[in-house]
Amino acid sequence: MNKKIALGCLLVFEFLFANAQKSDIAVPSAVQYQWQERERIMFVHFGVATWTGNEYDETGKFDISRLNPSKLNTDQWCEVAKSWGAKEIIFVAKHVGGFCWWPTKTTEYCVRNIPWKNGKGDLMKEVAASCKKYGIKMGVYIYPGDVAYGAGIGSGGKTKDPSLQEAYNKVFRQQLTEVLTNYGEMAEVWFDGNCVVEVGDILKKYASKATIFQSPYASLRWPGTESGKLSYPVWNTVPSGRLKLGLATQYDDTPDGDAWAPLEADAPLYDHYWFWSKEKEKKRKSLEELIDMYYKSVGYGGNLLINSCPDTTGLIVPDDVSLYRAFGAELQKRFEKPVAQLKLPIAINPILHFQKPTAINHIVLEEQYQYGHRIRAYTIEAKVNGKWVEIAKGESVGRKKIEAFKTITTTDIRINVTKNKLAPNWRSVSAYHVSNFEPSVTIQNDPEWKVCGSYDTKTFKNGADTLVLNLDSFITKPGQYEIAMVADVAITGTYIVETYLEFDGENTQQEYLQKTGHSSFNINRTAQIDRNSHTKLTLYMKSDNEVFQNRGVFKIRARR
């Protein structure tokens, strides 16, 4: 691009943000806006845990002479990222065990002392070079703690022994400075679990064009789960006081927050494992699960961060590669070509007109969110057989809201803004038709679903618990009922391993209970119900995640 044109575009961009900032509504910075436009991001977890086959038991004393990824190829990582549309890679340069993938001067527990490239390798350098080659932005995950200093997982860098804190502060500050000054411009800096070491001066000097995940300097937020999904509505704004604590999540959302802090929905490809092992491959998510994650992250206005985990050779394994490619192809097939679209300028209550009756099952809304969350509620109507019929409604729009519904044939689509703050600014309205599409059931915010029980792994003993759901007040007449487990705060890893259904205190045929998904069931109650009738469901639950607390609820509704 001509330098004068590029400079002119930059000045216009900055002018827009400067004017947006003059309103009394929170708006993204230019850096945050650029980050949100990337939409899809790929994590790369590759480290000591890849060789141990475990996740969180790094001691910092692993025999690193075993680390010799003979086929390592960071170009392959970038090709995989591009195959599913990821525009950024976040590389885990240092995890909780303290091993560093760059030749740091702060520790011998680093890439200088492994057989790979005879100790002359620098994986940070190779990742940076490949990202530049493929036109992908680079981010870095550098764990703020280190077990060698007694600052383990969840510590944020706080040492158990206070006498070690000052020494560790110097080490971490130097590590962060090395990473931010030797490998080009970083687009994102990931502090997993907050950062209590003071690094504000370093970030200001060397990472002014990067978004920051967690820490008191955060400009992004963690949703509160590692499911890759958000809860709708999604507001990218929070109270600034909460954001500065370094641990703000989606539960701090409010449309009138004074700080813009978008959500990054992260998820492992293997459920729930971030590092590769042959055994963990059995937990690989399905294409359908990835699509569902996309709809409930990007489709709710956030960004989706999916992990990749190269094996001990340094390559992402073929079955993972195939899944990423299929994911990208499916998204392209669904959303590459709208059957109709409105672009700027767009009326406050836009109408999308079709030349003839047209089958559609998706509407994608986009707001000019550089001016903040102005649209606060809307309805979507379709003209079917000459009559307007409501087909969807929502609250937040932001960067993108995907509305998916059963296929209809229509001549017009009308969007009605029913609540707003300041004048609404639409960016685009698009209609799509996806072949053989059936919309998934939305449980979290559907008023027909009622809470019938809750769980919290805090009360589990030895990773297990038994939950009894008394369903008498919910199953009040014969019919079929749906029950689903809905995460509230959940790092995936909580399961229902066995169930037992009882009617009226009697031994019941378990065929009346049908499993319909990973954590959902149908109950068929065929007998009449009176005041002496009882329905009880016993759930035997297990959690294989000992690090984080999981909690959530069970919901029930009569099947439609």
Side-chain angles (χ1 to χ4, degrees), residues 225-229 231-232 267 271-272 282-293 295-296 404 406 438-457 459-460 463-530 533-545 550-560:
T225 83
E226 290 182 346
S227 64
K229 301 175 186 178
S231 296
Y232 188 78
D271 196 13
H272 159 78
K282 297 175 183 177
K283 294 286 188 176
R284 182 182 292 110
K285 288 183 169 70
S286 66
L287 175 60
E288 291 73 22
E289 287 176 294
L290 296 187
I291 294 293
D292 189 49
M293 283 161 48
Y295 275 58
K296 293 172 181 173
K406 288 189 175 183
E438 280 294 328
S440 62
V441 176
T442 300
I443 297 171
Q444 192 114 18
N445 300 299
D446 189 330
E448 291 188 21
W449 290 89
K450 306 297 182 184
V451 175
C452 59
S454 63
Y455 66 93
D456 190 332
T457 59
T459 63
F460 282 28
D465 196 10
T466 300
L467 180 66
V468 178
L469 302 181
N470 185 331
L471 303 177
D472 293 355
S473 61
F474 304 98
I475 298 181
T476 57
K477 59 183 180 180
Q480 188 173 71
Y481 295 81
E482 299 174 89
I483 293 182
M485 185 170 82
V486 182
D488 177 15
V489 175
I491 311 298
T492 54
T494 300
Y495 309 96
I496 300 167
V497 293
E498 193 176 347
T499 58
Y500 185 74
L501 179 66
E502 290 179 69
F503 289 148
D504 306 332
E506 300 284 338
N507 197 8
T508 303
Q509 293 184 66
Q510 294 307 301
E511 287 76 14
Y512 286 119
L513 180 69
Q514 299 173 330
K515 190 171 184 178
T516 56
H518 173 69
S519 53
S520 58
F521 307 87
N522 284 344
I523 290 178
N524 292 314
R525 174 84 194 206
T526 56
Q528 277 301 333
I529 295 175
D530 58 29
S533 300
H534 302 285
T535 304
K536 184 168 72 174
L537 178 63
T538 302
L539 305 169
Y540 300 93
M541 301 183 68
K542 181 181 177 183
S543 176
D544 62 12
N545 192 325
N550 298 9
R551 73 171 187 260
V553 298
F554 286 90
K555 291 190 174 185
I556 186 170
R557 72 171 180 180
R559 193 173 183 199
R560 294 170 181 171

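Just so you know, these numbers use all the heavy atoms, side chains as well, and skip hydrogens, waters and symmetry mates. Predicted, not measured: the structure shown is a model, and the values here were computed from it.
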State, to 0.1 Å, how close [X] and [Y] come at their nearest heavy-atom pair, and which atoms those are.
| X | Y | answer |
| --- | --- | --- |
| Ile475 | Tyr481 | CG2-CE1, 3.6 Å |
| Lys283 | Tyr495 | NZ-OH, 4.2 Å |
| Gln510 | Thr499 | OE1-O, 4.2 Å |
| Met293 | Ala267 | CE-CB, 3.6 Å |
| Ile496 | Phe554 | CD1-CE2, 3.8 Å |
| Met485 | Tyr455 | CG-CE2, 3.5 Å |

In Å, rounded to the nearest 0.5 Å, how long is the span from [atom1] of [X] to [atom2] of [Y]?
| X | Y | atom1 | atom2 | value |
| --- | --- | --- | --- | --- |
| Tyr500 | Lys536 | OH | NZ | 9.0 Å |
| Leu501 | Leu539 | CG | CG | 10.0 Å |
| Arg525 | Thr476 | CZ | OG1 | 10.5 Å |
| Ile556 | Ile483 | CD1 | CD1 | 4.0 Å |
| Asn470 | Glu502 | CG | CD | 11.0 Å |
| Leu290 | Lys285 | CG | NZ | 7.5 Å |

Margin query: Could you walk me through whether Leu471 and Ile523 satisfy the side-chain contact (heavy atoms from CB on, under 4.5 Å) test, starting with their C-alpha distance in whole Å, then the side-chain angles of each, then the deciding distance to 0.1 Å, before giving a yes or no?
Written below: CA-CA 11 Å; Leu471 303 177; Ile523 290 178; 3.8 Å; yes

Note to self: Is the shortest side-chain heavy-atom distance between Glu482 and Trp449 below 4.5 Å?
What the structure shows: yes

Margin query: Using side-chain heavy atoms (C-beta onward) and a distance below 4.5 Å, is Ser473 in contact with Lys450?
Written below: no

Check: Got a donor-acceptor contact below 3.5 angstrom from the Asp472 side chain to the Thr535 backbone?
Finding: yes

Item checked: Whether Ser286 side chain and Glu289 backbone form a donor-acceptor pair below 3.5 Å -> yes

Notebook entry, point to check: Just one of Thr494, Thr466, Asn550 clears the side-chain contact (heavy atoms from CB on, under 4.5 Å) bar with Met541, so which one?
Noted result: Thr494

Check: Excluding sequence neighbours, so at least two apart, what forms salt bridge (charged side-chain N to carboxylate O under 4.0 Å, His left out) with Lys282?
Finding: Glu279

Margin query: Would Tyr232 and Lys296 count as a side-chain contact (heavy atoms from CB on, under 4.5 Å) here? Give the steps.
Written below: CA-CA 8 Å; Tyr232 188 78; Lys296 293 172 181 173; over 6 Å; no

